[in-house]
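Since the structure comes first, as structure tokens, the remarks are kept for the end.
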Amino acid sequence: MSGVSVTGAPDSARATRVRYGVLGLIATGTLINYLDRTILGIAAPSLTKELAINPAMMGLIFSAFSWTYAASQVPGGAFLDRFGTRLTYMLSVGFWSFFTLCHALIGGVVGLFGLRLLLGVAESPCFPANSRVVATWFPRNERAMATGIYTVGEYIGLAFLSPLLFLMLAHWGWRSLFVMAGSIGMIFAAIWWLRYREPRDSRANEAEIALIAEGGGLVEQAKAQKVDWSAAGRLLRKRQMWGICLGQFAGNSTLVFFLTWFPTYLAVERHMDWLKIGFLAILPFIAASVGVLFGGWWSDKMLRQGRSPNVARKLPIILGLLLASTIVSANFIDDNRLVIAILSLAFFAQGMGALGWTLVSDIAPEGMLGVTGGIFNLAANLAGIVTPIIIGAIVAATGSFVYAIGFIGVVALLGALAYIVILGDVKRIEL
């Protein structure tokens, strides 16, 4: 967050790069966010045995987080618009980390279910806040890159921490995972409060603020404001919102599978031992991380080369969703190494398609980034409700993941169609 310029010249000479320090903060927050919400997937095989939870019930527990997470998106976005990013993010991280820590104390299904509901409420403002930070701090031709970098936090934590997490699971049990994750988050909440500022209140010099503003950054609109609910109602009638919401729902379905049922799939369907799962589970998450960064780099590059926002923003997402549908081919392969390769390709593609938050920054009406992001994330996280329940019901009914994998592939194809047919032009919505 230093105010030193790129070359060491005085602040008045060249633009500082404070925005990259801000990006580092939201990338770290996103990593902790996804670690806290998805660590249940790693704990699940051991936890279900200890608490005697069957697959159908576990599907409900996996989805419980998304019930309140989805329901809280619009109120969370309104809170963000009203009270600003700094306070909202700090409260969100602090509460979700505390609830994660409390998972270590549960002794039955009721306590676990209740904590998943509370966790969903607490995490709800995170991604609308991320989108608001990117739109505030970054010019338009850097937003896909910035979105890709913070989005990679969804995957990179589990990608590189999985061996450690499985080692902790083997030595200290599943409760230790929640103690570790919750403690890290509470420390980060304090760091965020100390370090984050809006552009005009930060150490960014006038040259950097001018660079952001000239590129479409909303440096002058970053202040807290009341929500116009009638405008929010009109926003819901716009085809751009329906297009990105349906598309993100589809992409999120693939993500939710990997964040919830994936370790169980490897253990039950593929009969892998825990050490092998701990190693192989890394690969799809690394692939997804590469996909996110590649999609963001490619999108911004096309925009700088003069391609229209329709092409630069939509093409990586559409191709990603189409490629993600190839996950169904895992049903016809016996070699576990090839299955991991197929799943890695599908998750790489899902990462490419995870640029929907860039579209939120591009199309949100002025002064409504929080509400627009909340509506978008509400629709996206309906997948977090639907997908775990459907997969759990399929596995409980058939004893297999075959039809569950098929479901993920079909939904990805429908998401691609939403971006192609419904979204229309990528431009700021006028109300």
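Keep in mind that the numbers below use all heavy atoms, side chains included, and drop hydrogens, waters and symmetry copies. For the single chain, residues carry numbers from 1 onward in sequence order.
Contact annotation: the side chain of T100 never approaches that of F95 to less than 4.5 Å [non-hydrogen atoms, C-beta and beyond]. Inter-residue side-chain proximity for F113 and W67 is flagged as met; some heavy-atom pair is nearer than 4.5 Å. Annotation: side chain of L255 is in contact with side chain of Y34 (closest heavy-atom distance under 4.5 Å). Here the side chains of I149 and Y20 are not in contact, with every heavy-atom distance at 4.5 Å or above. Put simply, the side chain of I408 reaches to within 4.5 Å of the side chain of T387, judged on heavy atoms. Residues D201 and Y196 fail the side-chain proximity criterion, which asks for heavy atoms closer than 4.5 Å. Contact annotation: the side chain of F348 never approaches that of I286 to less than 4.5 Å [non-hydrogen atoms, C-beta and beyond]. In this structure the side chain of I184 never reaches within 4.5 angstrom of the side chain of F188, judged on heavy atoms.
Ionic pairing of R19 and E142 is present here: one or more N-O contacts between side-chain nitrogen and carboxylate oxygen are shorter than 4.0 angstrom. We find that R200 and E206 are joined by a salt bridge, their nearest charged nitrogen and carboxylate oxygen being less than 4.0 Å apart.
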Yes or no on side chain to side chain contact (heavy atoms under 4.5 Å, CB included) for V410 and S325, after CA distance, side-chain angles and deciding distance?
CA-CA 7 Å; V410 170; S325 68; over 6 Å; no

Assess the residue pair L91 and F83 against the criterion (side chain to side chain contact (heavy atoms under 4.5 Å, CB included)); give the C-alpha distance rounded to whole Å, side-chain angles, the decisive distance to 0.1 Å, and a yes or no.
CA-CA 11 Å; L91 291 175; F83 295 101; over 6 Å; no

Would F99 and D36 satisfy side chain to side chain contact (heavy atoms under 4.5 Å, CB included), going step by step from the backbone distance to the final call?
CA-CA 9 Å; F99 295 140; D36 284 13; over 6 Å; no

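The distance from atom OG of S253 to atom CD of Q248, rounded to the nearest 0.5 Å, is 10.0 Å. For the atom pair S176 OG and L169 CG, the distance stands at 7.0 Å (nearest 0.5 Å). Distance check: L115 CG to I106 CD1 gives 7.5 Å after rounding to the nearest 0.5 Å. Between the CZ atom of R116 and the CG atom of L40 there is a distance of 4.5 Å, given to the nearest 0.5 Å. In this structure, W174 CH2 and M168 CE are separated by 13.0 Å, a value rounded to the nearest 0.5 Å. Here the straight-line distance linking atom CG of L343 with atom CG of L338 works out to 11.0 Å at 0.5 Å rounding.
R86 is linked by a salt bridge (charged side-chain N to carboxylate O under 4.0 Å, His left out) to nothing, counting only residues two or more places apart in sequence or in another chain.
Atom CZ of R304 has more than 12 neighbouring heavy atoms from other residues, nucleotides or ligands inside a 6.0 Å radius.
Under the 3.5 Å distance criterion, the side-chain polar atoms of S97 are left unmatched by any main-chain donor or acceptor of G94. Here the side chain of Q350 pairs a donor or acceptor atom with the backbone of G251 at under 3.5 angstrom. Judged purely by atom type and a 3.5 angstrom limit, S124 uses its side chain to pair as donor or acceptor with the backbone of V121. D300 contributes a side-chain N or O that, together with a main-chain N or O of M145, makes up a donor-acceptor pair within less than 3.5 Å. N205 places a side-chain N or O within donor-acceptor distance of the main-chain N or O of T16, the cut-off being under 3.5 Å. At least one donor-acceptor pair under 3.5 Å links the side chain of S92 to the backbone N or O of A122. The backbone N or O of A104 lies less than 3.5 Å from a partner atom in the side chain of R175, making a donor-acceptor pair. No donor-acceptor distance shorter than 3.5 angstrom exists from the side chain of S131 to the backbone of F127, with no hydrogens or angles considered. Without hydrogens or angle criteria, R239 side chain to I422 main chain gives a donor-acceptor distance under 3.5 Å. Within the 3.5 Å criterion, the main-chain N or O of F138 finds a donor-acceptor partner in the side chain of R143.
Scanning all heavy atoms of the two residues, the minimum distance from I405 to F257 falls at CD1-CZ, 3.7 Å. Across all their heavy atoms, T68 and G120 have their closest contact at OG1-CA, 3.4 Å. Nearest heavy atoms, F249 versus A379: CD1-O, 3.5 Å. For A349 against A324, the heavy-atom pair with the smallest separation is CB-N, 3.5 Å. For the pair G84 and T88, the tightest heavy-atom approach, listed with the atom from each and the gap, is O-OG1, 2.7 Å. The nearest pair of heavy atoms linking T326 to I342 is O-CG2, 3.8 Å.
Between F285 and F347, a ring centre-to-centre spacing shorter than 6.0 Å is recorded.
Ring orientation note: the planes of W297 and F294 are tilted relative to one another, at an angle of 30° to 60°.
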